[in-house]
A.B. asks: 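Before we start, here is the structure in question, set down as structure tokens.
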Amino acid sequence: MSTIAQTARQGQARRHRRFDGWRWGGRIFLVFMLLYTALPMIWMLITSIKSGFAAMQFPPQWWPDQPTLASYQKLLDPQNSVGQDFLRFFWNSLFVSMATTILSVIVAVPAAYAFSRFTFPGRNFLFFAVLLRNMFPAVIFLVPLFILMRAIGLVNTHGSLVLTYLTFGLPLAIWLLKGFYDNIPVQLEQAARIDGATRFQAFLLIVMPLSAPGIIATAIYSFIGAWNEYIYAYTFLSKNEQLTLPVGIQRFFSENTTDFPGLMAASFMMSVPVVVLFLVLQRYFVRALTEGAVKH
């Protein structure tokens, strides 16, 4: 019996070693992917603290001999034209992204709840139809939307961007939230209705708190999409005071030269809000994706 038990333990140990190999392989792959995604950010940060001459050196100088924050000081100084433009572009992007996020949540929450809880003619067709917009590249809708915005007088206004961003942000937001609501038991609302709550009160007091991770994930998705968008902002806006950051930072390019440290500093500062937002709220985002994708 002892020989059999020893053989079983040896076989189990071999299986554990085999699984450990897979585990270490996964860890190495994750480290590689982390370096693959982090190195561009690191190089962007290093370039932003170089002087203009050091940034143009070849072979490249991996770490500057004299690091400087002059590019950041120039961007954040409202007393010079570069700083004034950058801060204006930053606040424009923040306003457009926040407006898009708030409207996306306000519209997506009741729409997703209606698709999840109510039955009405054409429900399935309409639900899948909201995803039709995401089947086509954004450039296809560029000219029709520009003509529409010009007809209603919204060209060179932030309202044109907010309405446009809603067209491609809402479908996925509704889809994501609908899957999340499907996993909230209807019996919880029924119990609240028995206790005297109206449907709206049951939704507000029971469903909304339970769906907070999905709402936060929807807000993150809407904010990032609006913050990084370039094509529509470049087409709809031409006035300098209306530009958003993705369009505004191209002003670091000129016909004769390019301010690479300034461009990298502006790009790094543009990426910071999105990275911080995702790092702070990523657990809600992952939870919403997993719970909304699995039917309990």
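Quick caveat, the model's predicted, so the values are computed rather than measured. Worth knowing before you read on, the calculation uses all heavy atoms, side chains too, and leaves out hydrogens, waters and symmetry mates.
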A.B. asks: Mind checking whether Asp77 and Lys74 have side chains closer than 4.5 Å, heavy atoms only?
C.D. replies: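 No. Closest side-chain heavy atoms not under 4.5 Å.
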A.B. asks: Only one of Asn92, Leu243, Val96 forms a side-chain contact (heavy atoms from CB on, under 4.5 Å) with Leu237, so which one is it?
C.D. replies: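 Of the listed residues Asn92, Leu243, Val96, the side-chain contact (heavy atoms from CB on, under 4.5 Å) partner of Leu237 is Leu243.
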A.B. asks: Using side-chain contact (heavy atoms from CB on, under 4.5 Å) as the criterion, point out the one residue from Leu103, Val109, Val107 that pairs with Val105.
C.D. replies: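 By the side-chain contact (heavy atoms from CB on, under 4.5 Å) criterion, Val105 pairs with just one of Leu103, Val109, Val107: Val109.
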A.B. asks: Can you check whether Phe86 reaches Leu245 side chain to side chain, under 4.5 Å on heavy atoms?
C.D. replies: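 SC-SC contact between Phe86 and Leu245 confirmed.
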A.B. asks: Would you call Met269 and Phe90 a side-chain contact if the rule is heavy atoms closer than 4.5 Å?
C.D. replies: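 Answer no - side chains too far apart.
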A.B. asks: Within the structure provided, determine whether Leu172 and Tyr221 are in side-chain contact (heavy-atom separation under 4.5 Å).
C.D. replies: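 Touching, per the 4.5 Å side-chain cut-off.
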A.B. asks: Say whether Met149 and Phe95 are linked into one hydrophobic cluster, either directly or through other cluster members, by side-chain heavy-atom distances under 4.5 angstrom.
C.D. replies: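 Met149 clusters together with Phe95.
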A.B. asks: Going through the checks in order, is the side chain to side chain contact (heavy atoms under 4.5 Å, CB included) test met by Val155 and Ser160?
C.D. replies: CA-CA 6 Å; Val155 174; Ser160 63; over 6 Å; no
A.B. asks: Take atom CD of Gln187 as the centre, draw a 6.0 Å sphere, and report whether it contains more than 12 heavy atoms from other residues, nucleotides or ligands.
C.D. replies: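 Correct, the count exceeds 12.
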A.B. asks: With a 4.5 Å cut-off on side-chain heavy atoms, are Asn240 and Phe89 touching?
C.D. replies: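 In contact.
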A.B. asks: More than 12 heavy atoms of other residues, nucleotides or ligands under 6.0 Å from CZ of Phe118: yes or no?
C.D. replies: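 Check passes, neighbour count above 12.
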A.B. asks: So for atom CH2, which belongs to Trp43, do other residues, nucleotides or ligands contribute more than 12 heavy atoms lying within a distance under 6.0 Å?
C.D. replies: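 Atom CH2 in Trp43 is crowded, with more than 12 foreign heavy atoms closer than 6.0 Å.
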A.B. asks: Using the test salt bridge (Lys or Arg N to Asp or Glu O under 4.0 Å), find all partners of Arg150 that sit at least two apart in sequence or belong to another chain.
C.D. replies: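 Arg150 satisfies salt bridge (Lys or Arg N to Asp or Glu O under 4.0 Å) with no residue once adjacent residues are dropped.
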A.B. asks: Please collect all salt bridge (charged side-chain N to carboxylate O under 4.0 Å, His left out) contacts where either partner lies in residues 96-121, sequence neighbours excluded, each pair once.
C.D. replies: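 Those involving residues 96-121 are Arg117-Glu189.
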A.B. asks: If you define the side chain from C-beta out and look only at heavy atoms, does anything of Ile46 sit under 4.5 Å from Trp63?
C.D. replies: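 Yes. Closest side-chain heavy atoms under 4.5 Å.
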A.B. asks: Please list, chain by chain and in numerical order, all residues satisfying side-chain hydrogen bond (donor to acceptor under 3.5 Å, both in side chains) with Tyr72, sequence neighbours excluded.
C.D. replies: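 For Tyr72 the side-chain hydrogen bond (donor to acceptor under 3.5 Å, both in side chains) partners, ignoring immediate neighbours, are Ser48.
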A.B. asks: When clusters are formed from ILVMFWY side-chain contacts under 4.5 Å, directly or step by step, what else is grouped with Leu30?
C.D. replies: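 Leu30 clusters with nothing; isolated.
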A.B. asks: Parallel under 30°, tilted from 30 to 60°, perpendicular over 60°: which one fits the rings of Trp227 and Phe223?
C.D. replies: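 Because their plane-to-plane angle is under 30°, the rings of Trp227 and Phe223 count as parallel.
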A.B. asks: Which residues pass the side-chain contact (heavy atoms from CB on, under 4.5 Å) test with Leu205, sequence neighbours left out?
C.D. replies: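 For Leu205 there are no side-chain contact (heavy atoms from CB on, under 4.5 Å) partners, ignoring immediate neighbours.
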A.B. asks: Please identify each residue that fulfils side-chain contact (heavy atoms from CB on, under 4.5 Å) with Pro246, with sequence neighbours left out.
C.D. replies: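 Once residues adjacent in sequence are excluded, the partners of Pro246 under the side-chain contact (heavy atoms from CB on, under 4.5 Å) criterion are Ser93, Tyr230, Thr244, Met270.
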A.B. asks: Going by the salt bridge (charged side-chain N to carboxylate O under 4.0 Å, His left out) test, which pairs reach into residues 85-96, not counting sequence neighbours?
C.D. replies: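 Qualifying pairs: Asp85-Arg88.
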A.B. asks: Just to verify, what does Ile206 make a side-chain contact (heavy atoms from CB on, under 4.5 Å) with, not counting sequence neighbours?
C.D. replies: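 Partners of Ile206 under the side-chain contact (heavy atoms from CB on, under 4.5 Å) test: Leu188, Ala192, Leu210.
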A.B. asks: Go through the structure and list residues passing side-chain hydrogen bond (donor to acceptor under 3.5 Å, both in side chains) with Thr167, not counting sequence neighbours.
C.D. replies: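 side-chain hydrogen bond (donor to acceptor under 3.5 Å, both in side chains) list for Thr167, sorted by chain: empty.
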A.B. asks: Would a hydrophobic clustering, with Ile, Leu, Val, Met, Phe, Trp and Tyr connected at side-chain separations under 4.5 Å, put Met208 with Ile174?
C.D. replies: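 Linked within one cluster.
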A.B. asks: For the residue pair Trp175 and Phe180, establish whether any side-chain heavy-atom pair is separated by less than 4.5 Å.
C.D. replies: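 Side-chain contact under 4.5 Å: no.
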A.B. asks: Is there a side-chain contact between Ile49 and Pro261 (heavy atoms, below 4.5 Å)?
C.D. replies: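 No, side chains not in contact.
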A.B. asks: Taking the side chain from Thr157 and the backbone from Leu154, do they hold a donor-acceptor pair closer than 3.5 Å?
C.D. replies: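 Checked: pair present.
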A.B. asks: Using the side chain to side chain contact (heavy atoms under 4.5 Å, CB included) rule, take Leu145 and Phe236 through it: C-alpha gap first, then chi angles, then the decisive distance, then the call.
C.D. replies: CA-CA 9 Å; Leu145 282 174; Phe236 293 167; 3.9 Å; yes
A.B. asks: Tell me every residue that passes side-chain hydrogen bond (donor to acceptor under 3.5 Å, both in side chains) with Tyr232, counting only those two or more places apart in sequence or in another chain.
C.D. replies: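 With sequence neighbours excluded, Tyr232 shows a side-chain hydrogen bond (donor to acceptor under 3.5 Å, both in side chains) to no residue whatsoever.
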A.B. asks: Would you compute the distance between atom CZ of Phe32 and atom CG of Leu35 and round it to the nearest 0.5 angstrom?
C.D. replies: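 Reported to 0.5 Å precision, the distance equals 8.0 Å.
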A.B. asks: Connecting only ILVMFWY residues whose side-chain heavy atoms lie within less than 4.5 Å of each other, what is the rest of Ile194's hydrophobic cluster?
C.D. replies: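 Hydrophobic cluster check, Ile194: no partners found.
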A.B. asks: Supply the members, apart from Ile147, of the Ile/Leu/Val/Met/Phe/Trp/Tyr cluster built from side-chain contacts under 4.5 Å; use none for a lone residue.
C.D. replies: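 Other cluster members: Val143.
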A.B. asks: Could you tell me whether the side chain of Gln201 and the main chain of Thr198 form a donor-acceptor pair under 3.5 Å?
C.D. replies: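 At least one qualifying donor-acceptor pair exists.
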A.B. asks: Do Met41 and Ser271 pass the side chain to side chain contact (heavy atoms under 4.5 Å, CB included) test, and can you show the C-alpha distance, the side-chain angles, and the key distance before you say yes or no?
C.D. replies: CA-CA 9 Å; Met41 290 286 294; Ser271 63; 3.5 Å; yes
